[in-house]
Amino acid sequence: MRRVTNKIIAGRFSGKKIKNADGMIYVLINGERLELSPEIVDHVRILGTLQNKSFFSGLVRGLPARLLGDTAWLSAIQSAKSNYDYNVKIVYRDGSSSVVVINFDIMGQLAARYEVV
């Protein structure tokens with residue numbers, strides 16, 4: 001299954017990408033940026049998190065132990081770097097909302113700007 005990140009999956013602007021650049025978070029609508037500013041967003045609600053293990057990180061950690069013939073390679077693979085994605089509901093000032101899957105970087109910027117419930 002393909003991982004969907006930084007995309008609005010339900011509600012207002014469904015199917016559009018959410019990005020961060022130049023210190024702002026925005027939605028791409030027909031090639032134009034709609035900034036998610038405090039004038040537009042009321043608050044953000046975290047619906048859940050999803051942990052993803054990095055395959056490459058696990059491979060790099062586990063391969064040397066495996067070559068030595070030790071069973072420690074299993075725990076090395078389990079210690080792979082974790083990446084988190086967040087399911088977030090963005091509630092707009094007009095009462096509408098969007099459900100978004102975002103990565104840690106965008107979540108950090110949203111948490112710094114808006115009330116997270």
If hydrophobic clusters are built by linking Ile, Leu, Val, Met, Phe, Trp and Tyr wherever their side-chain heavy atoms come under 4.5 Å apart, do [X] and [Y] end up in the same one?
X      : Y      : result
Ile106 : Ile8   : yes
Met24  : Val116 : no
Tyr84  : Ile46  : yes
Val88  : Val27  : yes
Tyr26  : Ile9   : no

What distance separates [X] [atom1] from [Y] [atom2], expressed to the nearest 0.5 Å?
X      : Y      : atom1 : atom2 : result
Asn103 : Tyr86  : CG    : OH    : 9.5 Å
Lys7   : Lys19  : NZ    : NZ    : 11.5 Å
Asp85  : Thr5   : CG    : OG1   : 4.0 Å
Ile25  : Leu110 : CD1   : CG    : 4.0 Å
Arg33  : Leu28  : CZ    : CG    : 7.5 Å
Asn30  : Lys16  : CG    : NZ    : 5.0 Å

Closest contact, heavy atoms only, Arg12 versus Ser96
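For Arg12 versus Ser96, the nearest heavy atoms are NH1-OG, 3.0 Å.
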
Do Glu39 and Ser37 have a side chain donor and acceptor closer than 3.5 Å?
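Glu39 vs Ser37: donor-acceptor pair found between side chains.
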
Could you tell me whether the side chain of Val117 reaches within less than 4.5 Å of the side chain of Val91, counting heavy atoms only?
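No, side chains not in contact.
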
Do the ring planes of Tyr92 and Phe13 sit parallel (below 30°), tilted (30 to 60°) or perpendicular (above 60°)?
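Judged by the thresholds at 30° and 60°, the geometry between Tyr92 and Phe13 is perpendicular.
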
